[in-house]
Amino acid sequence: MRSHTTGALSPALAGATVTLAGWAHRRRDHGGIIFIDLRDHEGLAQVVCDPDHPAAFAPAERVRSEYVLRVTGTVRLRPPGTANPALRSGEVEVLAREVEILNPSAPPPFSLDDENLSETVRLEHRVLDLRREPMQRNLRLRHRVVRAARQYLDAHGFVEIETPILYRSTPEGAREFLVPSRLHAGHFYALPQSPQLFKQMLMVGGFDRYYQIAKCFRDEDLRADRQPEFTQIDVETAFLDEAQIRGLMEGLLRHLFREALGVALPEPFPVLRYDEAMRDYGTDKPDLRVPLRLAEITDAVRDVAFQVFAGPANEPGGRVSALAVPGGGAMTRSELDGLVEEARALGAKGLAWIRVNERARGADGLQSPIVKNLHARALAAILERTGAADGDAILFCADRAEVVSAVLGALRERIGHARGLAEPGWRPLWVVDFPMFEYDAETRQWRARHHPFTSPKDGHEAFLETAPERAYAKAYDLVLNGWEIGGGSVRIHREEVQQRVFRALRISPEEQQAKFGFLLRALRYGAPPHGGIAFGLDRLVALMAGVEAIRDVIAFPKTQRGQDLVTGAPSPVGEAQLRELHIRLRDAPRA
């Protein structure tokens with residue numbers, strides 16, 4: 001139907017006859033000569049229709065935006081001064097000899113060049129939105145990433161194996177989607193939150209290296225980086241230790257960036273322990289492009305007169321930390337007050353500050369209402385640990401450790417980017433040695449930090465039931481520019497260790513068998529040491545594409561309320577279908 005795409009047009013084809021096919025991106029009538037910008041998946045080409053060629057000119061008079069056309073004509077160089085360097089075909093144009101309207105189009109509800117479309121409009125008319133250059137670029141980038149992942153994993157001996165979409169409900173953290181069974185009244189399948197249990201059983205089954213581009217499902221409240229259905233690059237290996245797994249996956253990420261973006265990532269990736277990340281950055285996914293670090297001053301302020309500091313510093317689980325802001329001394333009082341309000345919105349009771357005017361003068365060179373309540377030793381420790389210089393400002397937060405980390409961690413990144421302190425480029429790192437458990441104050445129970453199949457670090461098995469807060473895991477996250485793009489762990493491969501973890505989580509033997517009996521049975525038959533990782537494909541591609549929301553790298557995403565505006569899902573179903581599924585609705589709409 002066509003001989004060339006728009007991207008193939010170049011001065012080398014001048015004088016050649018070509019046939020193009022695509023959409024009329026725009027049409028311009030210049031006093032008897034009609035110009036059509038013809039668009040296909042590679043870009044635009046300028047088509048010239050003049051009255052000397054009626055087989056082209058007459059149809060061109062009827063063409064409107066988004067008509068589907070086939071154009072046959074002669075390639076020629078554009079007149080001097082009219083080349084368009086923004087187009088791949090910008091040095092040439094096609095003098096049309098024949099234009100065929102393959103299909104007209106209704107007037108589109110928006111211009112495909114409009115950069116200020118609301119997301120609702122874009123999702124309601126997703127078919128048209130997909131024609132826009134940003135969506136074409138993003139989805140083709142996604143394709144290159146998936147293709148490169150398969151290339152790398154295949155070259156390293158991994159086997160692609162599909163796992164079930166319909167499986168049994170298991171408590172893995174997030175709320176599951178349930179699917180009623182027609183054949184088994186009152187019974188339900190669950191959609192998998194991840195292939196976690198199946199990939200572990202594949203390791204027991206003797207497949208040393210597995211991967212899958214896996215669909216996963218979670219029924220949770222949505223944000224810009226969350227969808228009810230999402231995609232993972234899911235990987236599992238046997239007979240490799242934690243460092244070897246990380247090295248292999250580090251190679252995968254380098255390969256993806258090299259093949260999809262032509263970017264070389266640093267080698268090797270830095271490694272931070274979880275406790276170090278929380279101490280220095282206030283988050284387990286720090287953006288290393290921002291060079292600022294938190295300074296721990298809890299021990300230095302335990303005996304100061306300022307009870308806002310001394311109180312938390314002497315409380316179990318309390319923390320007092322500081323953040324030096326280069327050049328922050330020039331911030332106005334209203335700017336500082338704005339940071340205080342921001343800290344309160346993040347959960348803090350407030351935010352203290354000091355302007356460093358002349359560091360060499362000690363307390364006399366500092367400006368803040370709190371200086372008079374801090375003794376000389378505390379001030380000296382603060383200045384030394386923050387490294388603050390003349391003209392800087394120091395921000396302080398004192399509260400429970402988790403509040404301090406959340407507040408100063410968020411301010412660190414926002415201030416770093418807002419004040420132009422962030423460095424360009426890609427800054428990956430591994431965060432390792434996560435706590436095995438976290439305490440749920442509502443239920444007064446420990447719960448798994450990642451999932452209950454994560455192996456404790458060597459020697460930490462003794463803490464599982466006696467001191468869960470001291471148990472750390474062979475768990476690791478891959479972080480890039482402040483985004484967690486992958487997470488995994490070495491798994492438990494011995495039944496007795498798995499049962500000890502279940503006991504620490506207060507999962508009874510009966511519940512273990514009811515929910516995980518199939519995995520426990522598999523572990524009895526010579527399960528090998530194994531571990532793996534899952535990369536969030538949507539999040540990774542969004543980061544590579546430079547977009548905020550993963551909806552912009554998914555062809556047909558859901559809204560923040562979990563709705564598909566193209567098909568109208570979710571939707572009511574008829575009474576007959578409900579009866580087949582043994583379901584009766586209460587106070588809900590029916591089809």
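Just so you know, residue 1 is the first one in the sequence shown, and it goes up from there. In what follows, every heavy atom counts, from backbone to side chain, and hydrogens, waters and symmetry copies are set aside.
Interatomic distance, Arg150 CZ to Ile233 CD1, rounded to the nearest 0.5 Å: 9.0 Å. Atom CG of Leu294 is separated from atom CZ of Arg279 by 10.0 Å, given to the nearest 0.5 angstrom. A distance of 11.5 Å separates CG in Leu202 from CG in Asp208, rounded to the nearest 0.5 Å.
Glu229 is listed as a side-chain neighbour of Lys215, based on a closest heavy-atom distance under 4.5 Å. In this structure the side chain of Thr231 never reaches within 4.5 angstrom of the side chain of Cys216, judged on heavy atoms.
Using modelled atom types and a 3.5 Å distance limit, the side chains of Tyr281 and Arg293 yield a donor-acceptor pair. For the residue pair Asp275 and Tyr472, a side-chain donor N or O sits within less than 3.5 Å of a side-chain acceptor on the partner. Side-chain contact check for Arg561 and Thr559: no donor-acceptor pair (N or O, by modelled atom type) lies under 3.5 Å.
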Test log, rule salt bridge (Lys or Arg N to Asp or Glu O under 4.0 Å), inputs Arg500 and Glu465
CA-CA 7 Å; Arg500 291 178 69 178; Glu465 297 169 79; 3.4 Å; yes

Tell me, with the steps shown, if Glu296 and Thr298 meet side chain to side chain donor-acceptor pair (under 3.5 Å).
CA-CA 6 Å; Glu296 187 63 38; Thr298 305; 2.3 Å; yes

Evaluate Phe257 against Leu540 for side chain to side chain contact (heavy atoms under 4.5 Å, CB included), listing each step before the verdict.
CA-CA 10 Å; Phe257 270 76; Leu540 174 60; 4.0 Å; yes

Take Val145 and Met544 through the side chain to side chain contact (heavy atoms under 4.5 Å, CB included) test and state the conclusion after the steps.
CA-CA 10 Å; Val145 170; Met544 297 169 83; 3.7 Å; yes

Between Trp430 and Leu272, does a side chain to side chain contact (heavy atoms under 4.5 Å, CB included) hold up when you go through it step by step?
CA-CA 6 Å; Trp430 289 103; Leu272 274 178; over 6 Å; no

Begin with the C-alpha distance, continue with both residues' side-chain angles, and end with the deciding distance and a verdict on salt bridge (Lys or Arg N to Asp or Glu O under 4.0 Å) for Arg122 and Glu119.
CA-CA 5 Å; Arg122 290 179 55 205; Glu119 188 171 64; 5.1 Å; no

Take Val159 and Arg209, measure what side chain to side chain contact (heavy atoms under 4.5 Å, CB included) needs, and give me the verdict at the end.
CA-CA 6 Å; Val159 178; Arg209 297 190 174 191; over 6 Å; no

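In this structure, Phe516 and Phe502 have parallel ring planes: the angle between them is below the 30° cut-off, well short of the 60° mark. Using cut-offs of 30° and 60° for the angle between ring planes, the Phe198 and Tyr167 rings count as tilted. Ring planes of Tyr439 and Trp446: perpendicular class, angle over 60° (limits at 30 and 60°).
The cationic group of Arg254 lies under 6.0 Å from the six-membered ring centre of Phe269 and within 45° of the ring axis, placing it in a cation-pi geometry. In this structure, Arg491 forms no cation-pi arrangement with Phe453, as its terminal cationic atom is not both closer than 6.0 Å to the ring centre and no more than 45° off the ring axis.
Across every non-hydrogen atom of Thr386 and Ala295, the tightest pair is CG2-CB, 3.7 Å.
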